[in-house]
Amino acid sequence: MKLLLLLLAFCCLSLSRCEEKKYVPYDYSATIECLSDPNKPQYNGGIIVNPDLQNGSHGWSQLGNAKVEFTEFGGNKFVITRGRNHSYDSVSQKVYLEKGLLYTFSAWLQVSQGNAPVRAIFKKNGESKVAGSVIAESKCWSMLKGGLTVDESGPADLYFESEDTTAEIWVDSVSLQPFTQEEWNSHHKQSINRKRKGSMRIRAVNSAGEPVPNATISIVQNRLGFPFGCAVGSNILGNQAYQNWFTKRFTVTAFGNEMKWYSTESVRGKENYSTADAMVKFFQQHGIPIRGHNIIWEDPNYQPSWVKALNGPDLYNAVKRRVFSVVSRYKGQLAGWDVVNENLHFSFFENKMGPKASYNVFAQAHALDPKTTMFMNEFNTLEQPGDAASSPSRYIQKLRELQSIRVAGIIPLGIGLESHFKTPNIPYMRSALDTFGATGLPIWLTEVDVEAPPNVQANYFEQVLREGHAHPKVKGMVTWSGYNPKGCFRMCLTDGNFKNLPTGDVVDKLLREWGGLRGETTGLTDADGFFEASLFHGDYNLDISHPLTNSTASHSFKLTSEDSHPSPSIVFRV
C-alpha cells in the first residue's frame, strides 16, 4: 500500500485560536499626512481626561506663562496656547504613570504659522522624558505618535513644547494608553501569527483514497523566511570556524567597512575592490544576500583623507566617479544600497556641493542600478525620541524630497533604521515604526546593537530584536555585531573561538523560536489522515512515513507571506 500525500492550502491562523485571553489590542495605525481635521483620539484617549477637548478646560491647565484658549472651529473643539515666552509654555495635564507599564502616546498638533517641531514631554520628579515629536504645520493637523516607560510610579505632567516661541501650539485628540507586559507580548504574538506565520495542512491517504492515520510527519526548516543577519568584516575570509558559525544562523549580511569609499580608494585614482569582491563571492556562494553599505557617508570624520581637501567641480567629479564605480560594479547583486549614509545628522557633501548633493547621488545611483532599493540609513530614529535631527517626522520630510526624483522611473526607496540602542524605549520604538509604516515603504533595522552594562545588555538586545521581528511593517534586520579580534563596534555575539556570548545566546534562542537552526516540527496524522502545523515563513523539507506500510514520501516547499489565503490542493503520489 502506498501513501498519497496531499499538501492542502496554506492559511493564516485565526486569532481566536491563538489567543485565549482578551487583551486591549494595539493600534498600529499612524497618519503622516497633514489633515484639515484631526482624527479621533486613539483608544478613546486611554487615561487622558477630556482627550478631544469636548468639555473645554476640564482636565487641562496652563503651564508656564502661556495664554490658554479653548476654542472651536468648524465643529471641532481644541486648545490653543498663545503668548509663549519659553519653550515649555503650554497646556498641561497631570497623569499618574506606573512602573512596569508600557505607554503609547498620540496627539494631533498644529502651529499658527509656517512649521515648527513640537515635542510631547512627561515631567516627573523634575525629570523630563520626551515621548515623541512631530514637525507641526499651520492650517492643518499633524499626528504625533510616541511612547514611554517610567522607572518608578507617580504623578507626571504632560505638556507640549517648541523652541519656536513665536508659534502658537494647537492641541487636539490626545491619547495615553497603558499596556501591561503581558498585553504587549500578546501584541507580538498576534502580529507574528498574522505576518510571519502560516498553517500547513497535510493529509495522508492510501491508493484507494482512504485516510491513513498515525503516519509520521517530520517538517524541518532549512531557511528562515524573515531576513535576519549580521554584519561582517574581511576576517571571515579564510576563517572556516567563523564561516560555519555565521552561515548556520544568518540569511543576510552587510560589510562593516569593505565597500566604503575609504576602503576601496584610500589613494585617489587607485581603486582596490579585491577584498569586497572576495566577500561578495563568498556570500553569493552561500546564497546570503548583501546590503550595500555604503555609497557615500556624510560624516566628515569618515572621508578618504584626500577627499577632505577637495572643493567645487573637483569634489563633484570625484563623488560622481565614486558612485559610478561602486554601483556599476555591484549592480543587481545586492539586497539594497545605503546611499548617502547618515544624511540627517551630517552634511559634508551638502555643505560643499549645495543642498541637492544627496538628491543627485540618489538619482545617479538609481539610474545605474534601477531595480535595487535605495535606502536612507540613519541613527536615533528609533533609539532617541529627543533627537530632533532624525525624528520620524524629519526623516519622512527628507524622504519626500527623494520621492520627487524621476530618473529611470520612480526610485524604489527603503527606510534604513540603524538601531544603535542604549536603554531601549520600546513603546517609542513601536510607535516610531508605526509612523514609518504609514509610508508604505520597506523598513529594515540595519545595524542593531546595544551599548549597555553586561548585566542588562543581552536582555535589552532581546527586547529590540523581538520588537523589530514582531512589527508588521519591518521587512528585515541586521545586527551590527560581527566578530573582530581587535574588538567589535559596540558588542560581539561570539568570542574568538566562536562560542556564543550572552548576546549570541539571545540570537540562537530567537532563531529557535522563529524556526531557524533547522527547527523540526513532528507529529502523527489523525484518524482522518490529517496533520496541521503552524509554521514560520521559510524553506522546508517534509518527510512522511508509516511503520505498517513501510512507505515514505518527501517534499520540499516554501511557505511565504503570499500563502496567507487558501490555495488549491497539491497532490503528491509516492
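Quick note: residue numbers are just sequence positions, from 1. The shown structure was predicted, so the numbers you read here are calculated from the model rather than taken from an experiment.
Residues forming a side chain to side chain contact (heavy atoms under 4.5 Å, CB included) with Thr423 (at least two apart in sequence, or on another chain): Tyr460. Under the salt bridge (Lys or Arg N to Asp or Glu O under 4.0 Å) criterion, Glu350 pairs with Lys398, sequence neighbours left out. Every residue two or more places apart in sequence or in another chain that forms a salt bridge (Lys or Arg N to Asp or Glu O under 4.0 Å) with Glu161 is listed here: Arg119.
Applying the salt bridge (Lys or Arg N to Asp or Glu O under 4.0 Å) test to every pair with at least one member in residues 474-490, sequence neighbours left out, gives these pairs: Glu451-Arg490. Pairs of residues two or more places apart, or lying in two chains, never qualify as salt bridge (Lys or Arg N to Asp or Glu O under 4.0 Å) while including a residue from residues 364-378.
Smallest separation of non-hydrogen atoms from Thr446 and Gly416: CG2-CA, 3.7 Å. Scanning all heavy atoms of the two residues, the minimum distance from Gly287 to Arg223 falls at O-NH2, 2.8 Å. Across all non-hydrogen atoms, the minimal contact from Ile443 to Gly437 is CD1-N, 3.6 Å. Closest heavy-atom contact between Ser391 and Ser133: CB-OG, 3.6 Å. Residues Phe348 and Val307 come closest through the heavy atom pair CE2-CG1, 4.0 Å.
Here the side chains of Met429 and Phe421 are in contact, with some heavy-atom distance below 4.5 Å. Residues Pro38 and Trp170 have side chains not in contact (no heavy-atom distance under 4.5 Å, counting atoms from C-beta outward). Between Ile121 and Val130 there is a side-chain heavy-atom pair separated by less than 4.5 Å. Looking at heavy atoms from C-beta onward, Ser325 lies in side-chain contact with Tyr273 at the 4.5 angstrom threshold. Residues Arg430 and Tyr26 have side chains in contact (heavy-atom distance under 4.5 Å, counting atoms from C-beta outward).
Side-chain contact, Gln397 with Arg394: a donor N or O sits under 3.5 Å from an acceptor N or O. No side-chain donor-acceptor contact under 3.5 Å links Asn294 and Glu342. No side-chain N or O of Thr494 forms a donor-acceptor pair with one of Tyr242 less than 3.5 Å apart. Side-chain contact check for His420 and Glu383: no donor-acceptor pair (N or O, by modelled atom type) lies under 3.5 Å. Side-chain atoms of Asn65 and Asp89 include no donor-acceptor pair closer than 3.5 Å. When only modelled atom types and interatomic distance are considered, Asn272 and Ser274 share a side-chain donor-acceptor pair under 3.5 Å. Checked by atom type, the side-chain pair Asn244/Gln240 shows a donor-acceptor distance below 3.5 Å.
Not one N or O on the side chain of Thr275 forms a donor-acceptor pair closer than 3.5 Å with the backbone of Glu258. No side-chain donor-acceptor contact under 3.5 Å links Lys473 to the backbone of Thr439. Although no hydrogens or angles enter the test, the distance criterion places no donor-acceptor pair under 3.5 Å between the side chain of Gln457 and the main chain of Thr503. Glu271 places no side-chain N or O within donor-acceptor distance of the main-chain N or O of Thr264, the cut-off being under 3.5 Å. Remark: side-chain polar atoms of Glu265 are paired, donor with acceptor, to backbone N or O of Gly269 under 3.5 angstrom. Under a 3.5 Å cut-off, the side chain of Glu418 and the backbone N or O of Asn380 do not form any donor-acceptor pair. Ser419 contributes a side-chain N or O that, together with a main-chain N or O of Leu417, makes up a donor-acceptor pair within less than 3.5 Å. Distance alone, capped at 3.5 Å, is enough to place a donor-acceptor pair between the Arg322 side chain and the Ile295 backbone. Counting only distance, with no hydrogens or angles, the side chain of Ser162 and the backbone of Pro117 share a donor-acceptor pair below 3.5 Å. No donor-acceptor distance shorter than 3.5 angstrom exists from the side chain of Ser481 to the backbone of Leu493, with no hydrogens or angles considered.
Rounding to the nearest 0.5 Å places NZ of Lys123 at 5.0 Å from OG of Ser128. Considering CG of Asp449 and SG of Cys492, their distance stands at 10.5 Å, rounded to 0.5 Å. Here Phe375 contributes atom CZ and Arg291 contributes atom CZ; the two are 5.0 Å apart, rounded to the nearest 0.5 Å. In this structure, Gln333 CD and Lys281 NZ are separated by 12.5 Å, a value rounded to the nearest 0.5 Å. Interatomic distance, Ile411 CD1 to Thr373 OG1, rounded to the nearest 0.5 Å: 9.5 Å.
In this structure, Phe122 has its ring center closer than 6.0 angstrom to the ring center of Phe105. Between Tyr483 and Phe498, the gap from one ring centroid to the other is short of 6.0 Å. Proximity of the aromatic rings of His286 and Phe246 is defined here by a centroid distance below 6.0 angstrom, and this criterion is not met.
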Pairs of donor and acceptor atoms involving the side chains of residues 106-115, under 3.5 Å and at least two apart or interchain, shall be tabulated with distances.
residue : atom : partner : partner atom : Å
Gln110  : OE1  : Lys139  : N            : 2.9
Gln110  : OE1  : Cys140  : N            : 3.4
Ser112  : OG   : Glu168  : N            : 3.0

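Relative to the ring axis of Tyr262, Lys260 does not place its NZ or CZ within 45° and under 6.0 Å from the centre.
The residue from Phe379, Trp297, Tyr395 that alone fulfils the ring pair (Phe, Tyr, Trp, His ring centres under 6.0 Å) condition with His345 is Phe379.
The aromatic rings of Trp261 and Phe349 lie parallel to each other, with less than 30° between the two planes, well short of the 60° mark.
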Evaluate Leu368 against Lys331 for side chain to side chain contact (heavy atoms under 4.5 Å, CB included), listing each step before the verdict.
CA-CA 7 Å; Leu368 291 167; Lys331 172 184 177 180; 6.0 Å; no
Checking Ser29 against Gln42 for the side-chain hydrogen bond (donor to acceptor under 3.5 Å, both in side chains) test, could you report, in this order, the C-alpha distance in whole Å, the side-chain angles of both residues, the deciding distance, and whether it holds?
CA-CA 9 Å; Ser29 67; Gln42 292 189 319; 3.2 Å; yes
Does the side chain to side chain contact (heavy atoms under 4.5 Å, CB included) test come out yes or no for Leu441 and Leu399, once each step is laid out?
CA-CA 10 Å; Leu441 298 176; Leu399 201 62; 3.5 Å; yes
Would Arg249 and Leu511 count as a side chain to side chain contact (heavy atoms under 4.5 Å, CB included) here? Give the steps.
CA-CA 8 Å; Arg249 290 165 173 81; Leu511 283 173; 3.8 Å; yes
Please determine whether side chain to side chain contact (heavy atoms under 4.5 Å, CB included) holds for the pair Trp514 and Leu224, giving the CA-CA distance in whole Å, both sets of side-chain angles, and the decisive distance to 0.1 Å.
CA-CA 8 Å; Trp514 302 341; Leu224 196 67; 3.8 Å; yes
Begin from the C-alpha positions of Asn500 and Trp245 and carry the test side-chain hydrogen bond (donor to acceptor under 3.5 Å, both in side chains) through to its verdict.
CA-CA 9 Å; Asn500 277 354; Trp245 177 87; 3.0 Å; yes
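The number of heavy atoms from other shown groups lying within 6.0 Å of NZ (Lys308) is above 12. When the shell of 6.0 Å around OH of Tyr359 is examined, it contains more than 12 heavy atoms from other residues, nucleotides or ligands. Within a 6.0 Å sphere centred on CD1 of Ile410, heavy atoms belonging to other residues, nucleotides or ligands number 12 at most.
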